[in-house]
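Data block below; observations after.
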Amino acid sequence: MYSKNQIIQVNIVDLSHDGEGIGKNDAFTWFIKDTVPGDVVEASVMKVKKTYGYARLQRVITPSPDRTEGQCPLARSCGGCTLQVMRYDAQLKYKKKKVRNNLEHIGGFDFDGKDSRVEFGDTIGMENPWRYRNKSQYPIGIDKNGKVVAGFYAAHSHNIIDCEDCLIGTEENRRIIECIKKQYDPAMRHILIRKGFKTGQIMVCVVAEKKIDFSVPDEPGITTTVLNINDKDTNVILGDRTIVLRGPGYIEDYIGKLKFRISARSFFQVNPIQVEKLYGKAIEYAALTGNEVVWDLYCGIGTITLSLAEKAKKVYGVEVVEQAVKDAEENARINGIENARFYTGKAEDVIRREDFEKPDVVVVDPPRKGCDERCLETILKMQPERIVYVSCDSATLARDLRILCNGGYNLSRVQPVDMFGHSVHVETCVLLTKASGSEG
Ligand code: SAH
């Protein structure tokens, strides 16, 4: 048997869905973070169960051909970029495999057998998988030596690890963080920075327990600064009250041709370049000709809804967060779109109303937990020609696709898109078409 701190040698052969390397010694399975399939490593035993255990990487004996130098010295303590030591092309292959495995194991699809006709794309990657996030949130505070620190929380704790320049955030962050750290006030909790990649507009938001003043560096992109008040004992970063200190209190950015207004609290996709590729697939799969009625369920601030509006007769968005629906309506107005309507409520409740126009195409983009079963049942009753499913969790996607396919739809296309390079997350866009012979 193995004991704690024992040094073991392991061949890494696979990756878990959380991005840990998996190795086998005899019949025993090891999970070892920061390793890559193909590595031979030396690791120290941390925790042992009956048939598996966890170990900590000590030394790479033989590196995998897929291994690369991690660019961020803090990757191991941060835990955000779990795949950072894996070459980017290998990350993309891993993500496709992850989606495929989930669809096969959870959804019961068989892409080598009965489902071999499904068009399954390779993961669409980024040209540059760095500096891709348009939003960064840095906790700020004092460390045990009395030094002002801002960066990220160490795993499972509220200790702040100092990091002014996260490599997946923007270049401007460093100068902004440096400047605010110099003005540190014990009431400060977080610094939130958002940037419109197409407009260049930057918002700096300091979250503090009470009203304080601060200034920002002389950075041409900074078009607005706001203070958000959060005095609650909570893990939620933003409080209810936002005070605009300078500028309009929001920034603007584009997805495709559409303009969006983004305030401190608005939800907006964090990878604006990849989101265009993802929505591009959703638009392609929806195959609109101008005559269709489209329902976009889980529509957020209406980004997909409005992207589809131009080619549809009518689009309806459904979203549970009231503020997001208000933003969606405002976004329709700013862009002069008149054939979109939005409803506040749970998708599964709203679409069951009898007086609604039947859709030709339904788009869903649910949160990680996937669609409510009642929502899927209602979609099946409505019998749209096509269903486009945009998913951020391929396990719940697989579960939901099985229900839709058992209800008379064929899985036709699957396209993974990488929105979060170096993390294990992957978005997937899927097309389902009504099986011929099923009742309309
Ligand atoms: N399509 C949007 C948002 C996707 S995120 C975009 O691409 O930007 C998922 C959205 O579903 C969130 O806005 C969340 O508030 C909303 N949501 C969660 N549960 C819901 C439900 N039961 N019914 C409707 N919307 C829901």
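We count ligands from 1, going down the list as the structure has it; atoms in each ligand are counted the same way.
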Query - Set of residues satisfying side-chain contact (heavy atoms from CB on, under 4.5 Å) with respect to V13, sequence neighbours excluded - result: none
Query raised in the report: Between I176, I177, T224, which is the residue that forms a side-chain contact (heavy atoms from CB on, under 4.5 Å) with V204?
Result: I176
**Report entry** Contacts of T242 that satisfy side chain to side chain donor-acceptor pair (under 3.5 Å) - sequence neighbours left out
**Finding:** N228
Query raised in the report: ring pair (Phe, Tyr, Trp, His ring centres under 6.0 Å) with F111: which residues, sequence neighbours excluded?
Result: F120
**Report entry** CA sep, side-chain torsions, deciding dist, call: R341, E329, side-chain contact (heavy atoms from CB on, under 4.5 Å)
**Finding:** CA-CA 8 Å; R341 260 203 81 179; E329 284 165 347; over 6 Å; no
Requested in this report: Would you check if the distance from the ring center of Y138 to the ring center of Y153 is below 6.0 Å?
Outcome: no
Can you list every pair where an N/O of ligand 1 is under 3.5 Å from an N/O on the protein?
from     : atom 1 : to   : atom 2 : distance (Å)
ligand 1 : 1 (N)  : Y298 : O      : 3.2
ligand 1 : 1 (N)  : D365 : OD2    : 2.8
ligand 1 : 7 (O)  : Q269 : NE2    : 2.8
ligand 1 : 7 (O)  : Y279 : OH     : 2.6
ligand 1 : 7 (O)  : D365 : OD2    : 3.0
ligand 1 : 8 (O)  : Q269 : NE2    : 3.2
ligand 1 : 8 (O)  : Y279 : OH     : 3.4
ligand 1 : 8 (O)  : T303 : OG1    : 3.1
ligand 1 : 13 (O) : E319 : OE1    : 2.8
ligand 1 : 13 (O) : E319 : OE2    : 3.3
ligand 1 : 15 (O) : E319 : OE2    : 2.6
ligand 1 : 22 (N) : E348 : OE1    : 3.3
ligand 1 : 23 (N) : A347 : N      : 2.8
ligand 1 : 25 (N) : V320 : N      : 3.3

